[in-house]
Undergrad: 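I'd like to ask you about the structure that follows.
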Amino acid sequence: MMKFTKKMTVLILAAAMLLSAHALYAASNAEMSFVQNLNSVLANGRLDEAIALFDTIPENLQEDIDLRTLQASLLLSAGKTGDAEKIAVNLLAKEPKNIDVLLLNAMVAKQKKNSAKKQQYLKQILTIQPYNPDANIELGDEQAVKRNYRNARDYYLKALKGNPNNIEALFGHGKMSYYLQRDDDSKKSFNKILSIDPDYAPALSYLAKFEAEGRRFKKAVEYVSRAIEIDPENSDYYFDLGNFNREAGKYADAEKAWKKAVELDPDYFLGYAYLAGLYDEQNKFDEAYENYKKVVQKNPNYYYAYESIGMLAWRAGKYSEARQAFSAAYNGNPGNTSYALMIACCYQKEKNPQECKKFTEKAMRNLDRNSFEYLSLRLIHDMTGDSTLALKIQNEESKKKKGKYLYYLAFYWDMKGNSSLAHKYYAEVTEIQGADFFEYRLAEWAEKGID
């Protein structure tokens with residue numbers, strides 16, 4: 001059995017009413033039987049059977065515009081665009097101002113990625129019916145994809161003038177208002193949807209976001225849990241559930257939600273990233289490490305994960321692996337000199353000063369010789385003499401910059417075997433409040449490893 005799209009579901013409901021009307025006026029048993037059979041297979045979502053039934057359409061119904069429009073729509077939903085187009089073009093020649101026929105041709109053009117044709121048909125519809133919901137929703141969806149949220153919202157508002165209870169238009173308006181930070185308008189649309197259809201999961205999910213933004217996590221969890229009951233295969237809802245529980249400090253519940261998101265969408269990197277961060281925060285380093293590795297398997301361009309892999313490998317004494325990870329991060333963000341410095345440190349830990357020198361010489365080539373970056377790389381390159389860098393650090397006012405480069409000064413003395421001086425510098429790093437550079441964490445780990 002093939003699944004119907006959201007638009008096809010609407011079409012099927014409309015078709016059921018249409019076919020009931022035909023049933024009332026069908027003059028022959030053959031026509032009555034055809035209509036009833038088609039109604040039955042549509043109601044059960046059997047797309048292939050519904051299409052096949054049109055091979056048996058009685059002669060008196062063969063020119064019926066509504067039935068042929070439905071047939072073409074079913075073909076389009078089944079991906080049989082060429083067959084749908086033949087019917088659509090024929091119908092348009094007969095009824096060039098029929099709204100349903102024009103919309104059908106617009107959808108065929110959309111399927112064929114012919115934007116100009118699609119726009120032409122939509123414009124014709126709006127000339128006849130300026131507030132036609134289907135045409136305005138399609139144009140609103142177009143603008144939403146382009147992130148022209150204000151324009152998209154205006155189209156959804158026009159659709160609502162045509163039908164104030166159109167759920168697609170209400171949802172589009174609510175979503176665009178959310179992005180435009182018009183919270184009251186957004187909530188109004190989502191709540192109206194639920195007054196029409198209490199089981200409309202997407203509206204519940206957005207109301208959950210509003211509750212979470214107000215730090216009402218219990219209510220947020222209730223909303224998104226209800227959305228999950230309705231649509232248990234939607235991984236986005238589990239991502240949100242995990243985030244709400246994480247913010248509420250319920251780590252076990254967050255882990256459970258994100259594991260389910262990964263189960264539903266195993267090729268999406270974000271679930272592994274969330275799990276890795278959660279484990280990392282709880283010092284579950286092995287679990288964090290494995291999940292960060294999954295992140296880069298699924299998304300090799302996510303260099304932040306390489307940074308974390310490098311840190312955790314460094315912590316475990318896997319210096320070659322750490323170097324490879326920091327190298328991948330450096331390739332992704334060559335402007336971050338911290339990655340270059342960690343690559344150099346890894347080489348020194350691997351007792352490979354020759355490769356270290358080759359790397360640092362290249363990394364230093366275009367740097368200002370008075371900069372922290374150059375002086376720190378030079379220190380790891382030479383592994384002798386720290387006076388210039390130490391003096392510069394003492395005069396630095398930025399706590400972040402001072403802490404970052406103190407770490408490499410501490411590393412230098414650690415490698416030199418001066419644990420007392422190394423400890424002094426590591427301690428200065430860890431005393432910085434609100435530090436947001438990764439060297440801070442490396443300094444914490446180093447302090448614990450110094451006798």
Side-chain angles (χ1 to χ4, degrees), residues 3-15 18 47 65-66 68-89 91-92 95-180 185-186 189-190 192-193 196-197 200-203 206:
K3 289 185 178 179
F4 289 102
T5 63
K6 186 177 178 183
K7 285 188 181 293
M8 273 306 305
T9 303
V10 175
L11 238 171
I12 290 163
L13 292 172
L18 165 70
L47 182 56
I65 295 292
D66 292 329
R68 288 302 186 189
T69 300
L70 175 60
Q71 180 188 12
S73 298
L74 293 169
L75 288 165
L76 197 60
S77 186
K80 299 178 180 181
T81 308
D83 293 338
E85 184 177 24
K86 289 175 186 176
I87 297 172
V89 169
L91 291 173
L92 188 63
E95 295 206 18
K97 292 187 178 181
N98 184 306
I99 297 293
D100 291 332
V101 171
L102 285 166
L103 186 63
L104 169 63
N105 278 272
M107 293 303 101
V108 169
K110 179 182 180 180
Q111 196 72 20
K112 294 181 69 179
K113 302 190 185 323
N114 189 335
S115 180
K117 273 286 184 187
K118 186 185 84 168
Q119 294 294 332
Q120 174 192 322
Y121 295 128
L122 293 176
K123 186 176 180 181
Q124 286 178 253
I125 293 170
L126 294 178
T127 300
I128 301 166
Q129 286 184 3
Y131 301 120
N132 178 273
D134 292 316
N136 279 297
I137 288 168
E138 182 61 33
L139 291 168
D141 290 349
E142 257 187 21
Q143 293 297 309
V145 168
K146 296 175 183 175
R147 300 190 180 186
N148 295 332
Y149 301 136
R150 195 173 300 278
N151 290 344
R153 184 197 59 181
D154 291 345
Y155 278 118
Y156 295 131
L157 283 171
K158 287 181 182 178
L160 289 169
K161 283 188 177 181
N163 180 0
N165 293 326
N166 185 295
I167 286 180
E168 280 189 87
L170 283 166
F171 183 69
H173 176 259
K175 196 172 176 182
M176 295 308 104
S177 297
Y178 177 83
Y179 293 149
L180 292 167
D185 291 343
S186 183
S189 284
F190 294 136
K192 184 169 183 180
I193 288 172
I196 300 166
D197 180 2
Y200 194 78
Y206 270 91

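This one's a predicted model, so the numbers in the text were calculated from it and none came from an experiment.
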Undergrad: Does Asn148 reach the main-chain N or O of Asn151 with its side chain, forming a donor-acceptor pair under 3.5 Å?
TA: no
Undergrad: Can you tell me how far NZ of Lys97 sits from CD of Gln124, rounded to the nearest 0.5 angstrom?
TA: 10.0 Å
Undergrad: Output a table of donor-acceptor pairs, distance under 3.5 Å, between side-chain atoms of residues 154-162 and any protein atom two or more places apart or on a different chain; print 'none' if there are none.
TA:
residue: Tyr156; atom: OH; partner: Gly140; partner atom: O; Å: 3.4
residue: Tyr156; atom: OH; partner: Asp141; partner atom: N; Å: 3.2
residue: Tyr156; atom: OH; partner: Asp141; partner atom: OD1; Å: 2.6

Undergrad: What orientation do Phe190 and Tyr206 show, parallel under 30°, tilted 30 to 60°, or perpendicular over 60°?
TA: parallel
Undergrad: When you measure from the side chain of Asn105 to the backbone N and O of Ala88, does any donor-acceptor pair fall under 3.5 Å?
TA: yes
Undergrad: Would a 4.5 Å heavy-atom cut-off, applied to side chains only, mark Val108 and Tyr121 as touching?
TA: no
Undergrad: Looking at Thr127, Ile137, Ile125, Asn163, which hits side-chain contact (heavy atoms from CB on, under 4.5 Å) with Asn132?
TA: Ile125
Undergrad: May I ask you to test the Lys117-Lys112 pair for a side-chain heavy-atom distance under 4.5 Å?
TA: no
Undergrad: Quick one: pull up CD in Gln120 and CG in Asn114 and give me the separation to the nearest 0.5 Å.
TA: 9.0 Å
Undergrad: Any chance you could measure Leu74, atom CG, to Leu47, atom CG, to the nearest 0.5 Å?
TA: 6.0 Å
Undergrad: Can you name the residues that form a salt bridge (Lys or Arg N to Asp or Glu O under 4.0 Å) with Lys123, not counting sequence neighbours?
TA: none
Undergrad: Taking it one step at a time, do Ile128 and Leu102 satisfy side chain to side chain contact (heavy atoms under 4.5 Å, CB included)?
TA: CA-CA 11 Å; Ile128 301 166; Leu102 285 166; 4.0 Å; yes
Undergrad: State, with a plain yes or no, whether a side-chain heavy atom of Ile65 is found less than 4.5 Å away from one of Thr69.
TA: yes
Undergrad: If every non-hydrogen atom of Arg153 is compared with every non-hydrogen atom of Ser177, which pair is closest and at what distance?
TA: CD-OG, 4.0 Å
Undergrad: Are Asp100 and Leu104 close enough that some pair of their side-chain heavy atoms sits under 4.5 Å apart?
TA: no
Undergrad: Are more than 12 heavy atoms, taken from residues, nucleotides or ligands other than Lys192, located less than 6.0 Å from that residue's NZ atom?
TA: yes
Undergrad: Might you point out which heavy atoms bring His173 and Ser189 nearest each other, and give the distance in Å?
TA: ND1-OG, 2.7 Å
Undergrad: Counting distance only, does the side-chain N/O of Asp197 pair as donor-acceptor with the main-chain N or O of Ile193 below 3.5 Å?
TA: no
Undergrad: To the nearest 0.5 Å, what is the distance between CE on Met176 and CZ on Arg150?
TA: 12.5 Å
Undergrad: Is Ser77 reaching over with its side chain to a backbone N or O of Ser73, donor-acceptor style, under 3.5 angstrom?
TA: no
Undergrad: Calculate, to the nearest 0.5 Å, the distance between atoms CD and CG belonging to Glu138 and Leu122 respectively.
TA: 6.0 Å
Undergrad: Are the side chains of Leu139 and Gln119 in contact, using a 4.5 Å heavy-atom criterion?
TA: yes
Undergrad: Does Leu103 offer a backbone N or O that forms a donor-acceptor pair with the side chain of Asn98 under 3.5 Å?
TA: no
Undergrad: Just so I know, are the side chains of Leu170 and Ile196 near enough to count as touching, which here means a heavy-atom distance under 4.5 Å?
TA: yes
Undergrad: Which label fits Tyr179 and Tyr149: parallel for a plane angle under 30°, tilted from 30 to 60°, or perpendicular past 60°?
TA: tilted
Undergrad: Rounded to the nearest 0.5 Å, how far does CD of Gln111 lie from CG of Leu76?
TA: 5.0 Å
